[in-house]
Amino acid sequence: MASAVSHRAEPAAAVADLATALGPHADLYAVFVAPGYELTTLGSALREHFGDRVIGCTSSGNICAYGYDGRGITALALTGGGLEARTTVVGPLDDAPAAVDEASGRLAALRAGLDGHDGFAILLTDGLARNEDLLAASLMATLGDVPVIGGSAGDGLEFRSAAVYHDGAFHPNYATVTVVRLDAPFQLLRLQHHEAGDTVLVATDVEPERRIIRTFNGRPAASAYAEAVGADLETITAATFSEHPLLLSAAGSSWIRSVAQVGPDNTLIMFARVELGDVLRVGYSAGIMEKLQQRLGSVETELGSLSGMLAFDCVLRRLESENLGLSGRVGEVLARCGAVGFSTYGEQFNGMHMNQTLVAVAFA
């Protein structure tokens, strides 16, 4: 695994830098684009230099060889280890299950391409389509036992336009699925540093499609949340939501459902879908640095020395580390493991969508 970064402002020049650094012979390239680039020219340049062996998306900042990077374009190249990668597009995503159903034949062909070998799937999706929950669940049902990691494309923190690259162009409201066959050792991982506390909030009135919670325990959702975290509703900020996300127990584990903002009429607007009757627990931080070092250390122990890691890391984790004055140290830990990827608007692991989580595939 090799990686490169360009901060050149002109799209074609930036891609040329990446192509020079990475060479033309990798089996798979992945490109992550921080805000500020003209995407039409950029898409054409990516196809010119890397052909049909490139995936990518817009980002809310990148992860590169020296840690977090809020500017430029970061790219990685994967080669060797018997690697074979094939990609298909899924969308438009207005009806995610229908889009997956339309692509089911192509997805089945990708899965069949593993032919008994080990492998995994990479999902890149528009983080502003707001339906990653249904998309991830539908994909898992279609791909069966193929493990999946995914990241939701962003646009800094503007929340205006995100897009996924495919076949020479960047497409909003679409996703790509890449199935990777690999003979060399690898490991998928999921890391969250928040744990569930004792306070329970039951969603008693919701609009799942809009990710809105109207009431918890029969009370206005925002007021109930504020009381649960020991804050005044008038003083709640994004830092409060980052410090105290909500956790859902499912499939034998806990999954973070982050609060985006207080909405009209004392509602909460979420970054992930919440269903009627979901039992959520208020979370608390167990230490972002401690959890990261512990988890990556265990991966290194299991795989031996790492050649690199494709990482999708929630932008809220980066913001929290910045608020704590830890972003440099967190970036250094990621860099030591060879992590390359981007800051996301959401993460997917197998059939689940979540927030405030790092998902990755590590390579021996």
Side-chain angles (χ1 to χ4, degrees), residues 1-7 14 17-18 21-22 30-35 56-57 59-78 149 151-152 154 156-157 185-195 238-239 242-243 245 256 258 284-347 349 354-364:
M1 176 174 152
S3 67
V5 177
S6 178
H7 293 120
D17 284 350
L18 299 173
L22 297 175
V31 177
F32 307 111
V33 185
C57 63
S59 77
S60 292
N62 300 326
I63 303 167
C64 63
Y66 49 82
Y68 289 126
D69 188 353
R71 303 182 301 114
I73 304 174
T74 293
L76 65 82
L78 295 172
I149 63 162
S152 302
L157 287 169
F186 66 90
Q187 182 176 324
L188 273 66
L189 63 108
R190 175 175 72 96
L191 168 66
Q192 62 189 47
H193 64 282
H194 288 87
E195 297 182 358
S242 177
E243 184 178 357
I256 293 180
S258 294
Y284 64 93
S285 175
I288 190 168
M289 274 295 298
E290 294 82 359
K291 286 288 188 179
L292 180 65
Q293 291 172 320
Q294 180 184 40
R295 186 69 180 94
L296 295 184
S298 68
V299 172
E300 287 185 288
T301 299
E302 293 173 28
L303 286 180
S305 61
L306 301 182
S307 65
M309 187 167 70
L310 173 61
F312 305 143
D313 187 35
C314 184
V315 66
L316 297 176
R317 284 173 49 86
R318 192 194 77 213
L319 293 177
E320 181 180 350
S321 69
E322 290 173 353
N323 290 336
L324 295 172
L326 295 174
S327 60
R329 290 178 59 196
V330 171
E332 289 172 5
V333 172
L334 292 171
R336 282 201 300 271
C337 292
V340 177
F342 73 105
S343 296
T344 68
Y345 277 174
E347 305 76 53
F349 193 83
M354 69 219 71
N355 312 120
Q356 281 179 262
T357 302
L358 167 71
V359 300
V361 55
F363 304 101

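Numbers for residues simply follow the sequence, beginning at 1. All values below were derived from every heavy atom in this structure, side-chain atoms included, with hydrogens, water molecules and symmetry-related copies excluded. Computed from a predicted structure; not experimentally measured.
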A.B. asks: Is any side-chain heavy atom of Ile63 closer than 4.5 Å to a side-chain heavy atom of Phe342?
C.D. replies: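 Answer no - side chains too far apart.
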
A.B. asks: Quick check for you: to the nearest 0.5 Å, what is the distance between Thr344 atom OG1 and Gln356 atom CD?
C.D. replies: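 Between Thr344 OG1 and Gln356 CD, I get 10.5 Å after rounding to 0.5 Å.
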
A.B. asks: Does a side-chain heavy-atom distance below 4.5 Å link Leu292 with Leu334?
C.D. replies: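 Yes. Closest side-chain heavy atoms under 4.5 Å.
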
A.B. asks: I need the minimum non-hydrogen distance between Ile288 and Ser321, along with the two atoms involved.
C.D. replies: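 Closest approach of Ile288 to Ser321, heavy atoms only: CD1-CB, 4.3 Å.
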
A.B. asks: Applying side chain to side chain contact (heavy atoms under 4.5 Å, CB included), can you list everything that pairs with Glu322, at least two apart in sequence or on another chain?
C.D. replies: Arg318, Leu319, Ser327

A.B. asks: Using the side chain to side chain contact (heavy atoms under 4.5 Å, CB included) criterion, which residues pair with Ser285? Sequence neighbours excluded.
C.D. replies: His193, His194, Glu320

A.B. asks: Restricting to salt bridge (Lys or Arg N to Asp or Glu O under 4.0 Å), what partner residues turn up for Asp69, sequence neighbours left out?
C.D. replies: none

A.B. asks: Would you mind writing out the side-chain donor-acceptor pairs for residues 309-316 within the sub-3.5 Å range, not counting sequence neighbours?
C.D. replies:
from, atom 1, to, atom 2, distance (Å)
Asp313, OD1, Arg317, NE, 2.6
Asp313, OD2, Tyr68, OH, 2.7

A.B. asks: Sequence neighbours left out, what passes ring-ring contact (aromatic ring centres under 6.0 Å, His included) with Phe186? Give chain and number order.
C.D. replies: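 Counting only residues at least two positions away or on another chain, Phe186 forms a ring-ring contact (aromatic ring centres under 6.0 Å, His included) with Phe120.
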
A.B. asks: Quick one: closest heavy-atom pair of Gly70 and Ala34, and the distance?
C.D. replies: O-CB, 3.6 Å

A.B. asks: Using modelled atom types and a 3.5 Å cut-off, is there a donor and acceptor pairing between side-chain atoms of Glu347 and backbone atoms of Thr357?
C.D. replies: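 It does hold such a pair.
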
A.B. asks: Grab the two heavy atoms, one from Val5 and one from Cys64, that are nearest each other, plus how far apart they are.
C.D. replies: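 Scanning both residues completely, I find the closest heavy atoms to be CG2-CB, 3.5 Å.
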
A.B. asks: Would you find a donor on one side and an acceptor on the other, under 3.5 Å apart, between the side chain of Ser3 and the backbone of Ala75?
C.D. replies: no

A.B. asks: Using side chain to side chain contact (heavy atoms under 4.5 Å, CB included) as the criterion, list what pairs up with Ala286, not counting sequence neighbours.
C.D. replies: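 Partners of Ala286 under the side chain to side chain contact (heavy atoms under 4.5 Å, CB included) test: Glu195, Lys291.
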
A.B. asks: Taking the side chain from Ser307 and the backbone from Ala364, do they hold a donor-acceptor pair closer than 3.5 Å?
C.D. replies: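 Judged by distance alone, yes, a pair lies under 3.5 Å.
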
A.B. asks: Grab the two heavy atoms, one from Gly72 and one from Asn62, that are nearest each other, plus how far apart they are.
C.D. replies: O-ND2, 3.3 Å

A.B. asks: Can you sort out the partners of Gln192 under side-chain hydrogen bond (donor to acceptor under 3.5 Å, both in side chains), two or more places apart, ordered by chain and number?
C.D. replies: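 For Gln192 the side-chain hydrogen bond (donor to acceptor under 3.5 Å, both in side chains) partners, ignoring immediate neighbours, are Arg190, Ser254.
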
A.B. asks: Taking all atoms of both residues into account, what is the closest heavy-atom pair of Leu303 and Ala362, and its distance?
C.D. replies: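 Result for this residue pair: CD1-O, 3.6 Å.
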
A.B. asks: List the residues meeting ring-ring contact (aromatic ring centres under 6.0 Å, His included) with Tyr345, not counting sequence neighbours, and say none if there are none.
C.D. replies: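 Tyr345 satisfies ring-ring contact (aromatic ring centres under 6.0 Å, His included) with Phe159 once adjacent residues are dropped.
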
A.B. asks: If I compare all heavy atoms of Gly156 with all of Pro35, which pair ends up nearest, and what's the gap?
C.D. replies: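 Closest pair (atom of Gly156, atom of Pro35, distance): N-CG, 3.3 Å.
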
A.B. asks: Applying side-chain hydrogen bond (donor to acceptor under 3.5 Å, both in side chains), can you list everything that pairs with Ser242, at least two apart in sequence or on another chain?
C.D. replies: none

A.B. asks: Which distance, rounded to the nearest 0.5 Å, do you find between the CD1 of Ile73 and the CZ of Arg71?
C.D. replies: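 These two atoms lie 12.0 Å from each other.
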
A.B. asks: I want to check something: taking the side chain as every heavy atom from C-beta on, are Met1 and Val340 in contact at a cut-off of under 4.5 Å?
C.D. replies: yes

A.B. asks: Filter on ring pair (Phe, Tyr, Trp, His ring centres under 6.0 Å), then keep only pairs touching residues 284-308, sequence neighbours left out; what's left?
C.D. replies: none

A.B. asks: Under the ring pair (Phe, Tyr, Trp, His ring centres under 6.0 Å) rule, what pairs show up with a residue in residues 286-308, not counting sequence neighbours?
C.D. replies: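 Applying ring pair (Phe, Tyr, Trp, His ring centres under 6.0 Å) to every pair that reaches into residues 286-308, excluding sequence neighbours, yields nothing.
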
A.B. asks: Can you run down the salt bridge (charged side-chain N to carboxylate O under 4.0 Å, His left out) pairs that involve residues 292-303, sequence neighbours left out, and say none if there aren't any?
C.D. replies: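 Qualifying pairs, neighbours excluded: none.
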
